[in-house]
Amino acid sequence: MSAVKKARVAFFDFTCCEGCQIELTNLGQDVFLGLLEHIEIVEFREAMSEQTKERIDIAFVEGSFSREADRARLEEIRARSNLVIAYGACAATGGINALKNHTTDYKKFVYSKDANMPHLDSHNALPVSAAIKVDFAVNGCPMDRNEFVYIVSHLLHGKTPVIPNHPVCVECKKRETVCRYHLGDHCMGVIARAGCNAPCPADGIPCEACRGFIDQPNEAALVKVLVEKAGFSNDRAKNKSRMFTANLRSDVK
Amino acid sequence: MSYFFLKESDLKDFVRKLISSAPVIAPVARKNKFVFADLESPDELRLDYDITILPPKKAFFPPNQTLLSFKENKATSAIRPREQILFGVHTYDVKAIDMLDLLFAENNADNNYLANRKATTIVAMTPQAVSGRAFWESVGKTVQPNGHDALMTKIREGYVFEPRTPQGTRLTKSGIFSQASSGQLDEASKCQSEIAAKCPEKLSHSTREISDKMRASFNNEKIWHTASLDCFSCGTCNIVCPTCYCFDVQDQWNLDQVSGARYRTWDACLTEDFAKISLGPAGAENFREERAERFRHRMMRKATYLNSRLGGPACVGCGRCSEGCVPDIADPVKIINNVMES
Ligand code: SF4
Ligand code: SF4
């Protein structure tokens, strides 16, 4: 299909480090140029200066929604895009930005005397879906390059990409990574959404659930195994899932 | 068939010769665990392993397997078996392979499985060590391992080697084997019963009693709800199980967007979406939506549903699920004994 007409794709960023856009340039020349046979990138701040106001087939929105002032820009993107994809953890779940949501004094500690600058006036870090309708998400911090290519391919063919709704454990087991809990460590893989092929435990570090929770995470059991199997204090166990999944916790306000 | 004997000091040469004849997949160490892997040298071989993370079925039914490749409208089969030797498979795992052999051949023969399986010579091994959660001695006692080409049992001076097929006999040409003496055979059978007695866990009822009581417990919501309270729906208990055989099939396009591959990947009935089916425009329906239903389903499959087809339970007592489950709730012995006492 795309041999006839390339899909028009744009990237936009909100509250984030833009690392997911950088990650795209890490795809490598072959993959990147291969994709460009089928898509036309009409806006992409990390690699080009052109901007557009025309219709877009697929809009990738990076970053969380954290300032009311951003709502209008998000709505404008939605209005002229056929598909809106939350691109990366910040956009999909609020990501690591949402760590601040349960605190009030972070500005003072992070920005000290500049704490009252007007552009720092933000509300809770929320997923893009809190402002506009989102069709799909490319999860992860940073997003997973292979999954990105997989999702784009499916969208080009008009198919729904299959994003796993099972924990990272499945992927660790399939590649026979020794479980962190069997090495006296902790891990968030038991409630984290798979799809990354579990690189962190394979490299010897616990999963931090950067791809978010599965749809029905067993939060109570997580706290229990962090205390009983990993030796966490009760407090630490309860707070552990604020790192990437603060907005997905059942106690979110 | 006759029985052979291989001296301990001749094992490495034997294995080296096997490696030069075909890929040899055998237990090796990984951190504080063991896995089956392609052997590069006999020095890696760990026949003293207790259990591997994944069962040896992966040698012919890999976790991710390409079924076919396609380009535009043309599909090409990906069946390309390699002749291989699966070495050191514990006897309980052979029983699990026997079940898969039967299930993949039934009805629609699964040639992606069967071709790889046929190209695999299996050398089974009487376990030399038992894992902390093993209960293979007390499960499905009337079912004997059957699909292996030879059985090795470690005795003091070396190994008793019992070929069961012509392929098994052929392997003895690769090593310095002698005829086993009757004393060595006695010692081997003593080793077999001694190690079986070391299984730390035990079922206390017959296959029949367990099957009947498990079925009767189906509607006992309290049992299944309580047992699965801490379940993460993580699917580990399925993925590590030697008798689980469910898979999901997906397509993936290559970058050119006209060619690609259809592959399958192991699926797990404990995960939330396993039983979710599309109703087309009407949405989707999940017929095992609750964690407790999925938890119960696995145990029903292991202890009763398949018994008449398999001639015994679809659990061989390896204990992988018990060990792999982080909240430690998947142990069939505990679950079954709890139901039996209810
Ligand atoms: S391994 Fe344990 S936690 Fe995971 S799905 Fe099985 S029973 Fe549930
Ligand atoms: S159910 Fe558990 S003990 Fe039984 S065969 Fe499967 S992994 Fe082994």
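Computation of the quantities below employed the complete heavy-atom set of this structure, encompassing side-chain atoms and omitting hydrogens, waters and symmetry-equivalent molecules. Residue numbering restarts at 1 for every chain, and letters A, B, ... go by the order of the sequence lines.
Taking the ring centre of B:W253 as origin, the terminal cationic atom of A:K159 falls outside the region bounded by 6.0 Å and 45° from the ring axis. For the pair B:R264 and B:F247, the cation sits on the ring face: its NZ or CZ lies under 6.0 Å from the ring centre, inside 45° of the axis.
For A:D215, the parts lying near chain B are the backbone and the side chain together; criterion is any non-hydrogen pair under 4.5 Å. At a 4.5 Å heavy-atom cutoff, the contact between A:K174 and chain B is made by backbone and side-chain atoms alike. Of the two parts of A:V190, the backbone and the side chain both hold a non-hydrogen atom closer than 4.5 Å to a non-hydrogen atom of chain B. Residue contact with chain B, scored on non-hydrogen atoms closer than 4.5 Å, involves the side chain of A:V149 exclusively. Both the backbone and the side chain of A:V31 come within contact range of chain B, judged by heavy atoms closer than 4.5 Å. With a threshold of 4.5 angstrom between heavy atoms, A:I214 approaches chain B through side-chain atoms but not through N, CA, C or O. Only the backbone of B:L229 comes within contact range of chain A, with heavy atoms under 4.5 Å apart. Contacts of A:V162 with chain B are made by side-chain atoms alone, with heavy-atom separations under 4.5 Å and no backbone atom involved. Proximity to chain A (any heavy atom under 4.5 Å) is restricted, for B:D251, to the backbone atoms N, CA, C and O. The parts of A:K173 that come within reach of chain B are both its backbone and its side chain, each placing non-hydrogen atoms under 4.5 angstrom from that chain.
A distance-only check finds a donor-acceptor pair linking the side chain of A:T93 to the backbone of A:G95 [under 3.5 Å]. The backbone N or O of A:C20 sits less than 3.5 Å from a side-chain atom of A:Y87, completing a donor-acceptor pair. In this structure, the side chain of A:E208 does not engage the main chain of A:M243 through any donor-acceptor pair within 3.5 Å. A donor-acceptor pair under 3.5 Å links the side-chain atoms of B:E44 to the main chain of B:S41, judged by distance alone.
Using a cutoff of 4.0 Å between basic side-chain nitrogens and carboxylate oxygens, A:R8 and A:D57 are not scored as salt-bridged. One finds no salt bridge joining A:D185 and B:K31 here, because no Lys/Arg side-chain nitrogen approaches an Asp/Glu carboxylate oxygen to under 4.0 Å. A salt bridge links B:R133 with B:D328: the closest approach of a Lys/Arg side-chain nitrogen to an acidic carboxylate oxygen falls below 4.0 angstrom.
Contact count versus chain A (heavy atoms, under 4.5 Å) is highest, among B:V240, B:N32, B:T271, for B:N32. Counting heavy-atom pairs under 4.5 Å between each of B:I53, B:N64, B:T52 and chain A puts B:I53 at the top. Ranked by non-hydrogen atom pairs under 4.5 Å with chain A, the options B:T265, B:V258, B:L255 are led by B:L255. Note: B:L54 leads B:V35, B:I239, B:L54, B:D273 in heavy-atom pairs under 4.5 Å with chain A. Between chain B and the residues A:S153, A:G189, A:G34, the largest count of heavy-atom pairs under 4.5 Å involves A:S153. Interface check for chain B: of the options A:E228, A:R175, A:K224, A:H166, the most heavy-atom pairs under 4.5 Å are formed by A:K224.
In this structure, B:F295 and B:W224 have tilted ring planes: the angle between them lies in the 30° to 60° band. Between A:Y150 and A:H154, the ring planes are tilted. Angles from 30° to 60° get that label.
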Return a table of donor-acceptor pairs under 3.5 angstrom between the side chains of residues 275-289 of chain B and protein atoms on other chains or two or more places apart.
| unit_1 | atom_1 | unit_2 | atom_2 | d |
| --- | --- | --- | --- | --- |
| B:S278 | OG | B:G280 | N | 3.0 |
| B:N286 | OD1 | B:R288 | N | 3.0 |
| B:N286 | ND2 | B:E272 | O | 2.8 |

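The number of heavy atoms from other shown groups lying within 6.0 Å of NE2 (B:H225) does not exceed 12.
Taking the ring centroids of A:F148 and A:F60, they lie under the 6.0 Å cut-off.
Along residues 314-323 of chain B, the residues that come nearer than 4.5 angstrom to chain A, judged on non-hydrogen atoms, are B:E323 in order of number.
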